[in-house]
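Throughout, residue positions are numbered sequentially from 1 according to the sequence presented.
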Amino acid sequence: MTGSTWLKLGGLLATALVGLPVVVLAVLSYYSRKPTNVGLVDGWLADCPDKPNCVCSQALEVSHRIAPIDFSDASDTAWQRMKSVVSAMPHTKIVSEQDGYLHAECQTSVFRFVDDLELLLDAERQVIHCRSASRVGHSDFGVNRRRIEGLRRAFAAQTHP
């Protein structure tokens, strides 16, 4: 074999090694299904699975816990404002909403993974509980925590223009 043939083979091998993970991630994203642990369980958001790709303000485990989102105005007003903020989030669609509970699907920009965002209004305590979890994979590199913190900032910005 000539040197140029080896170079071509090396280039093909490098392309395959780089391209294979991308294809695997794309297939995983396409086949991700709505998880069975989305929705209220006895009036609470579901606990996070034993993976670092979920945060929840009602989580039992400290590593998954995140603060709920506080509000001081009327609960109906706060809930409408929160729905407005979620509706304005890029790559996000509200899939269900009832009685102070909201479920939205958030699609990641690059590989189009779907994450589940859930919100639960607690009018008595004047907080909105939140849960954000990845459907596939083990780690999310902090994406779900950053999503909730961004939601918190956007919600606060609408409170104080």
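E149 and R152 are joined by a salt bridge, as a carboxylate oxygen and a charged side-chain nitrogen come within less than 4.0 angstrom of each other. The pair D116-R135 meets the salt-bridge criterion, with a side-chain N (NZ, NE, NH1 or NH2) lying under 4.0 Å from an Asp/Glu carboxylate O.
Here the side chain of S57 pairs no donor or acceptor atom with the backbone of I66 at under 3.5 angstrom. A distance-only check finds no donor-acceptor pair linking the side chain of R65 to the backbone of Q58 [under 3.5 Å].
Each of D99, L40, V127 was checked for a side-chain contact (heavy atoms from CB on, under 4.5 Å) with L120, and the lone residue meeting it is L40. Here the options are D115, V55, N53, the test is side-chain contact (heavy atoms from CB on, under 4.5 Å), and the partner is V143; only D115 passes.
Applying the salt bridge (charged side-chain N to carboxylate O under 4.0 Å, His left out) criterion to R145, with sequence neighbours excluded, gives no partner residue. For D76, there are no salt bridge (charged side-chain N to carboxylate O under 4.0 Å, His left out) partners two or more places apart in sequence or in a different chain.
Taking both residues in full, the closest heavy atoms of V86 and A104 are given as CG1-CB, 4.0 Å, listed atom of the first, atom of the second, then distance.
Distance NZ/K93 to SG/C106: 11.0 Å, rounded to 0.5 Å. For the atom pair CG of D70 and CD1 of I128, the computed distance is 9.5 Å after rounding to the nearest 0.5 Å.
Between C54 and C48, the sulfur-to-sulfur (SG-SG) separation falls under 2.5 Å.
Geometric assessment of R81 against the ring of F155 yields a positive cation-pi assignment under the 6.0 Å and 45° thresholds.
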- Message: Could you go through L119 and M82, starting from their C-alpha distance and side-chain angles, then the distance that decides it, and tell me whether this counts as side chain to side chain contact (heavy atoms under 4.5 Å, CB included)?
- Response: CA-CA 9 Å; L119 301 170; M82 179 57 78; 3.5 Å; yes

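Of the N and O atoms on the side chains of N144 and S134, at least one donor lies less than 3.5 Å from an acceptor on the other residue.
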